[in-house]
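Step one of this worksheet: look at the structure below.
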Amino acid sequence: MTLGLALAIFGAAIAAGLAGIGSAKGVQISGQAAAGVVAERPEMFGKMLVLQALPGTQGIYGFLTAVLIMVQVGILGGSALSLGLEQGLAFLAAGIPIGIVGLFSGIAQGKAAAASIHMTAKDDTAFAKGITITAIVETYAILALLVSILMIYSIQI
């Protein structure tokens with residue numbers, strides 16, 4: 001294995017790992033709020049589940065970025081390429097936007113989802129507003145995903 005390939009694999013790990021941590025923490029934060037509501041109002045389970053699940057998308061974006069990196073370098077669906085140092089560093093850099101933004105936006109989205117869960121518990125007609133409030137945080141994770149994807153596909157192999 002070349003140093004370049006190892007750096008590319010590390011870029012995939014950063015993308016999936018950090019974004020996954022952000023989603024896990026965000027889902028945990030919103031899940032605690034949802035559990036409290038469902039304990040008192042079991043009929044709210046469906047709405048609470050939707051709001052709790054929203055912070056999980058950052059982990060999906062990180063996973064997608066990691067898969068794209070692994071496909072580009074031949075680890076998935078082919079044989080691993082011998083990458084130069086510059087190429088490996090470029091793939092490493094491509095994993096960083098979604099990794100870091102996914103980490104922080106997953107946690108932030110979990111907090112927004114928890115607030116929306118509390119709002120919906122008080123007034124279940126506010127559910128759509130809660131989804132909107134929570135989804136706005138998603139914008140930044142999507143932008144980071146797009147940056148990572150554009151970086152991956154701009155690397156000359």
Side-chain angles (χ1 to χ4, degrees), residues 1-34 46-117 119-120 126-157:
M1 177 184 304
T2 64
L3 177 59
L5 183 59
L7 290 169
I9 292 169
F10 188 55
I14 285 174
L18 293 179
I21 290 168
S23 278
K25 183 65 178 167
V27 170
Q28 179 256 331
I29 291 166
S30 56
Q32 285 178 311
K47 290 180 178 180
M48 298 300 104
L49 183 61
V50 169
L51 287 165
Q52 182 195 0
L54 288 173
T57 54
Q58 284 80 349
I60 295 168
Y61 301 157
F63 173 75
L64 172 63
T65 301
V67 168
L68 290 175
I69 290 171
M70 291 187 289
V71 167
Q72 286 293 99
V73 302
I75 295 172
L76 296 178
S79 58
L81 302 175
S82 178
L83 299 177
L85 178 63
E86 294 83 11
Q87 293 167 317
L89 286 170
F91 281 111
L92 171 63
I96 291 173
I98 191 55
I100 292 175
V101 175
L103 172 66
F104 289 107
S105 69
I107 294 167
Q109 194 171 31
K111 292 176 181 179
S116 295
I117 285 167
M119 179 178 70
T120 303
F127 176 62
K129 293 175 188 171
I131 289 177
T132 303
I133 289 166
T134 304
I136 288 173
V137 181
E138 187 85 14
T139 305
Y140 301 97
I142 292 170
L143 292 174
L145 171 65
L146 291 174
V147 168
S148 286
I149 289 172
L150 290 171
M151 290 172 73
I152 289 166
Y153 286 107
S154 71
I155 299 167
Q156 298 296 320
I157 301 176

Go through Gln87 and Leu81 one step at a time and tell me if the side chain to side chain contact (heavy atoms under 4.5 Å, CB included) criterion holds.
CA-CA 11 Å; Gln87 293 167 317; Leu81 302 175; over 6 Å; no
Rounded at 0.5 Å granularity, tell me how far [atom1] in [X] sits from [atom2] in [Y].
X	Y	atom1	atom2	answer
Lys25	Ile107	NZ	CD1	7.0 Å
Ile131	Ile136	CD1	CD1	12.5 Å
Tyr140	Ile98	OH	CD1	14.0 Å
Phe10	Leu89	CZ	CG	11.5 Å
Leu68	Phe63	CG	CZ	10.0 Å
Met48	Phe127	CE	CZ	7.0 Å

Run the numbers on Glu138 and Leu54 for side chain to side chain contact (heavy atoms under 4.5 Å, CB included), then give the verdict.
CA-CA 8 Å; Glu138 187 85 14; Leu54 288 173; 5.6 Å; no
Counting N and O atoms only, with roles assigned by atom type, does the side chain of [X] sit under 3.5 Å from a partner on the main chain of [Y], one being a donor and the other an acceptor?
X	Y	value
Ser23	Gln58	yes
Ser148	Leu145	no
Gln52	Ser30	no

Shortest non-hydrogen separation from [X] to [Y] and the atoms involved:
X	Y	answer
Ala66	Ala16	CB-CB, 3.9 Å
Ser116	Gly130	OG-O, 3.0 Å
Ala94	Ile152	CB-CG1, 3.7 Å
Thr2	Leu83	OG1-O, 3.3 Å
Leu7	Leu92	O-CB, 3.6 Å
Gly95	Ile14	O-CG2, 3.9 Å

Can you tell if the side chain of [X] reaches within under 4.5 Å of the side chain of [Y], non-hydrogen atoms only?
X	Y	answer
Lys47	Leu51	no
Thr57	Gln109	yes
Tyr61	Val101	no
Leu5	Ile75	yes

Checking Thr120 now: which residues fulfil side-chain hydrogen bond (donor to acceptor under 3.5 Å, both in side chains) with it, not counting sequence neighbours?
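Partners of Thr120 under the side-chain hydrogen bond (donor to acceptor under 3.5 Å, both in side chains) test: none.
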Run the numbers on Met151 and Ile155 for side chain to side chain contact (heavy atoms under 4.5 Å, CB included), then give the verdict.
CA-CA 7 Å; Met151 290 172 73; Ile155 299 167; 5.6 Å; no
